[in-house]
Amino acid sequence: MKKFAVAIALMLSAIVAHAADRATTPEITPPSNGEEFLRLSSTEKLFWSIGYSQGYLDALNKIDVAAGANSACASLAARTERQSSTAGKMSGFELVSGLEKFYADPANTLIPVGSAIRIYMLQAAGKDQTTIQELIETARALGAESSHRPIASK
């Protein structure tokens, strides 16, 4: 009987510990567009933006290493880094502020966050407004198209 009581007590302790751990672990779902980004708290926006920026730079650096210094991939990575040279110089606060301003225009809310970040980085780097406006129009069209697609079942 003692063994049975100990087994029950251990099982209950494990269930409580698992539930407590689960309650403190945040659910992290990346925002897919401006509507979702704007619903995040200020802290979530900041953490997400910093993580995205770090991942972006890491990806560019890994292309260089994985493909070899003289490959087409390496030259693409170098060109992309030059085009968005503000990536390593922009703080998380600046990125969040820029995205909030970008998504303040209701026409931009369906633009995917990755596209909005690239557009904002090009704006911050001083690229010409005509090219940026073309990118915005294209991103709006793609965002509107993807919002009307049915979600595939898993």
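Positions are given from 1 along the sequence. The basis for the numbers below is simple: all heavy atoms, side chains too, and nothing from hydrogens, waters or symmetry mates.
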- Task: Quick one: pull up CG in Leu122 and CD in Gln129 and give me the separation to the nearest 0.5 Å.
- Result: 11.0 Å
- Answer yes if Ile132 and Met121 sit in the same cluster of Ile, Leu, Val, Met, Phe, Trp and Tyr residues linked by side chain heavy atoms under 4.5 Å apart, and no otherwise. yes
- Who pairs with Glu35 by side-chain hydrogen bond (donor to acceptor under 3.5 Å, both in side chains), at least two apart in sequence or on another chain? none
- Distance in Å, Ile111 CD1 paired with Glu137 CD, rounded so as to fall on 0.5 Å steps: 8.0 Å
- Query: Which heavy atom of Thr109 sits nearest a heavy atom of Asn33, and at what distance?
  - Reply: O-CB, 3.5 Å
- Message: According to side chain to side chain contact (heavy atoms under 4.5 Å, CB included), who are the partners of Thr130, at least two apart in sequence or on a separate chain?
- Response: Asp128, Glu134
- Residues in side chain to side chain contact (heavy atoms under 4.5 Å, CB included) contact with Pro31, at least two apart in sequence or another chain: Glu36, Phe37, Leu40, Trp48, Val113
- Closest contact, heavy atoms only, Ala139 versus Ser115: CB-CB, 4.3 Å
- Test Ile117 against Phe102 for side chain to side chain contact (heavy atoms under 4.5 Å, CB included), laying out the working first. CA-CA 9 Å; Ile117 288 173; Phe102 182 79; over 6 Å; no
- Indicate the atoms forming the closest heavy-atom contact of Ala116 with Tyr103, along with that distance. CB-OH, 3.2 Å
- Minimum side-chain heavy-atom gap Glu94-Ser97 below 4.5 Å: no
- Message: So Gln123 and Ile136, do their side chains get closer than 4.5 Å, heavy atoms only?
- Response: yes
- Hey, quick one: are Val96 and Leu38 part of the same hydrophobic cluster, counting side-chain heavy atoms closer than 4.5 Å, chains of contacts allowed? no
- Item | Any residue meeting side chain to side chain contact (heavy atoms under 4.5 Å, CB included) with Phe47, in chain and number order, not counting sequence neighbours | Thr43
- Query: Which residues satisfy the side chain to side chain contact (heavy atoms under 4.5 Å, CB included) test with Ala107, sequence neighbours excluded?
  - Reply: Asp105, Arg140
- Item | Spacing of Leu95 atom CG and Lys45 atom NZ [to the nearest 0.5 Å] | 11.5 Å
- Note on the structure: Between Leu46 and Gly92, the two heavy atoms sitting closest are CD1-C, 3.5 Å
